[in-house]
Amino acid sequence: MPARASLASVSPPTKPAGRGDVALAAPDPRALLRWYDRHRRELPWRAAPGTRQDSYRVFLSEIMLQQTTVVTVRPYYAAFLARWPTVAALAAAKLEEVLSAWAGLGYYARARNLHACARAVADAHGGVFPDTEAGLLALPGIGPYTAAAIASIAHERRAAPVDGNWERVVARLFAVEEALPKARKRLRALAETLLPDARFGDFAQAMMDLGATVCTPRKPACILCPWRGSCVAQAQGNPEAYPVKAAKAARPTRRGVAFLAVRADGAVLVRSRPEKGLLGGMSEVPSTPWLEGEPADPAAHAPLAAPWQALNGTVGHVFSHFALELTVWRARVAAGTPAPAGHRWVKREGFEAEAFPSVMVKVLEYID
DNA sequence: CAAACGTGGGG
DNA sequence: TCCCCAAGTTT
């Protein structure tokens with residue numbers, strides 16, 4: 001257990017208020033582990049106490065949980081595990097299958113990387129995940145956090161998977177004044193001082209549970225915290241002030257027109273988006289470009305000549321860095337209408353196999 | 001390194 | 001309605 005004094009090099013330069021009078025004990029990792037033993041949450045991807053989880057399951061869950069809530073991930077995790085129980089099974093899947101199964105979960109590069117990673121493990125690692133952070137880090141879609149998570153949880157390596165929970169907990173423990181994202185390096189250094197001498201997987205998950213259930217972004221339950229006697233922010237009385245965050249960029253609005261061509265048999269005209277970029281590789285109804293300011297001329301972008309009818313209302317959708325307002329133009333076309341190059345007709349029964357992102361599901365509600 | 005990259009739920 | 005947030009990675 002490093003003494004407080006040894007943290008000087010990574011501590012914030014400004015002396016936090018409230019530290020002067022009462023000496024705070026250094027946070028003891030064993031106290032958190034004891035708390036975890038009493039309050040550990042049951043989660044589908046979590047192994048029974050005292051056992052290690054299969055690395056593929058840790059991998060699958062960690063990729064899905066990136067920037068995504070537990071509640072949202074649950075059904076996707078169950079579906080993926082049932083359909084592709086092993087890394088070999090996932091590696092054998094077609095990318096399109098993986099993308100359609102991922103549809104609705106967001107950040108679709110994750111699905112592409114998940115698949116590429118499974119193939120890399122199957123092809124270049126004999127079907128076995130690397131058991132070191134460095135080895136894991138070299139795989140597609142696995143960054144510093146996920147490498148440390150798999151290494152600690154599945155392989156019991158000494159590693160600090162510093163996620164948003166860890167950052168919040170550490171920022172409060174040490175009252176870090178520097179704002180995110182610049183504070184990331186400092187927070188990581190402080191986090192590593194907290195690591196125990198054993199039970200690295202449990203400690204990693206304990207930090208996440210603590211952040212998710214006690215040291216929450218708003219109204220943290222400090223009274224229930226095993227580290228309440230070691231927390232500078234709690235001593236200051238303003239835990240919610242941490243972590244400090246930089247101002248966010250404004251979110252502009254882009255507009256466009258989506259063309260909903262409905263054939264007599266109910267089939268809809270669909271195409272696939274480019275593999276890179278927004279909604280990469282996902283299925284979509286053709287549309288004008290999505291632009292800020294002056295909308296593009298719809299007629300110039302219609303996929304085929306038809307009696308287009310502008311529908312009332314718009315489809316609104318919020319992406320991570322812009323909001324989208326889509327006007328829907330719909331046309332009923334004859335049964336024999338051919339699909340233009342790069343497009344295809346998809347019937348209702350075929351929707352399941354398509355990789356429609358949520359924004360397109362909204363557009364497709366205008367079929368009838 | 002800042003920006004791109006989704007979505008749904010809660011206050 | 002609006003803003004924030006959630007087990008980050010890639011370029």
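When reading the values below, keep in mind they use all heavy atoms of this one structure, side chains included, and skip hydrogens, waters and symmetry mates.
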Quiz prompt | Pairing residues for A:Ala31 by the side chain to side chain contact (heavy atoms under 4.5 Å, CB included) criterion, not counting sequence neighbours | solution = A:Asp28, A:Arg34, A:Trp227
Quiz prompt | Contacts of A:Ser358 that satisfy side chain to side chain contact (heavy atoms under 4.5 Å, CB included) - sequence neighbours left out | solution = A:His317
Quiz item: Think A:His321 has a side-chain N or O under 4.0 angstrom from the OP1 or OP2 of B:dC5?
Solution: yes
Quiz prompt | Contact under 4.0 Å: A:Lys182 side-chain N or O vs B:dC1 OP1/OP2 | solution = no
Please report, rounded to the nearest Å, how far the [atom2] atom of [N] is from the [atom1] atom of [X].
{"X": "A:Leu114", "N": "B:dC5", "atom1": "CG", "atom2": "P", "result": "20 Å"}
{"X": "A:Tyr242", "N": "C:dC5", "atom1": "OH", "atom2": "C1'", "result": "21 Å"}
{"X": "A:Arg254", "N": "B:dC5", "atom1": "CZ", "atom2": "C1'", "result": "11 Å"}
{"X": "A:Asp202", "N": "C:dA7", "atom1": "CG", "atom2": "C1'", "result": "16 Å"}
{"X": "A:Ile142", "N": "C:dT10", "atom1": "CD1", "atom2": "C1'", "result": "14 Å"}
{"X": "A:Leu324", "N": "B:dC5", "atom1": "CG", "atom2": "C1'", "result": "15 Å"}
{"X": "A:Asp209", "N": "C:dA7", "atom1": "CG", "atom2": "P", "result": "10 Å"}
{"X": "A:Leu137", "N": "C:dT9", "atom1": "CG", "atom2": "P", "result": "8 Å"}

Quiz item: Which residues satisfy the side-chain hydrogen bond (donor to acceptor under 3.5 Å, both in side chains) test with A:Thr337, sequence neighbours excluded?
Solution: none
Quiz item: Expressed in whole Å, how much space separates the C1' atoms belonging to C:dA7 and B:dA3?
Solution: 22 Å
Quiz item: Can you tell me how far P in B:dC5 sits from the matching atom in C:dA6, rounded to whole Å?
Solution: 22 Å
Quiz prompt | Linked hydrophobic residues, A:Phe259 as query - side chain contacts closer than 4.5 Å | solution = A:Val257, A:Leu269, A:Leu304, A:Trp308, A:Trp329, A:Val333, A:Trp345
Quiz prompt | Members besides A:Val318 in its Ile/Leu/Val/Met/Phe/Trp/Tyr cluster (side-chain heavy atoms under 4.5 Å) | solution = none
Exercise. Tell me, please, which residues at least two apart from A:Phe129 pass ring pair (Phe, Tyr, Trp, His ring centres under 6.0 Å).
Key: A:Phe59
Quiz item: In residues 40-54 of chain A, which ones come under 4.0 Å of DNA chain C, going by heavy atoms?
Solution: A:Arg41, A:Leu43, A:Trp45, A:Arg46
Quiz item: Among residues 165-172 of chain A, which residues get a heavy atom nearer than 4.0 Å to DNA chain C?
Solution: A:Asn165, A:Arg168
Exercise. Could you run through nucleotides 6-11 of chain B and give me one letter per nucleotide, 5' to 3': B if any protein heavy atom sits under 4.0 Å from the base, S if only the sugar-phosphate is that close, - if neither?
Key: BBS---
Quiz item: Given that A:Glu62 and A:Lys276 both sit by DNA chain C, which one's nearest nucleotide is further toward the 5' end?
Solution: A:Glu62
Exercise. Specify the residue among A:Val70 and A:Leu139 whose closest nucleotide of DNA chain C lies further upstream toward the 5′ end.
Key: A:Val70
Quiz item: How is A:Thr146 classified with respect to the nucleic acid when contacts are heavy atoms under 4.0 Å: base, sugar-phosphate, or nothing?
Solution: sugar-phosphate
Practice problem: Tell me what A:Pro181 touches on the nucleic acid: a base, only sugar-phosphate, or nothing, going by heavy atoms under 4.0 Å. | Solution: nothing
Exercise. Report yes if the side chains of A:Ser283 and A:Arg344 come closer than 4.5 Å at any heavy-atom pair, otherwise no.
Key: yes
Quiz item: How far does CD1 of A:Ile367 sit from CZ of A:Arg332, to the nearest 0.5 angstrom?
Solution: 9.0 Å
Quiz prompt | Pairs meeting criterion ring-ring contact (aromatic ring centres under 6.0 Å, His included) with involvement of residues 177-224 of chain A, two or more places apart | solution = A:Trp166-A:Phe203
Exercise. Please list all pairs passing the side chain to side chain donor-acceptor pair (under 3.5 Å) test where one or both residues lie in residues 69-79 of chain A, with sequence neighbours left out.
Key: A:Thr69-A:Thr72
Practice problem: State which residues pass salt bridge (charged side-chain N to carboxylate O under 4.0 Å, His left out) with A:Arg110; sequence neighbours excluded, sorted by chain then number. | Solution: none
Self-check item: A:Asn312 atom CG: more than 12 heavy-atom contacts under 6.0 Å
Solution: no
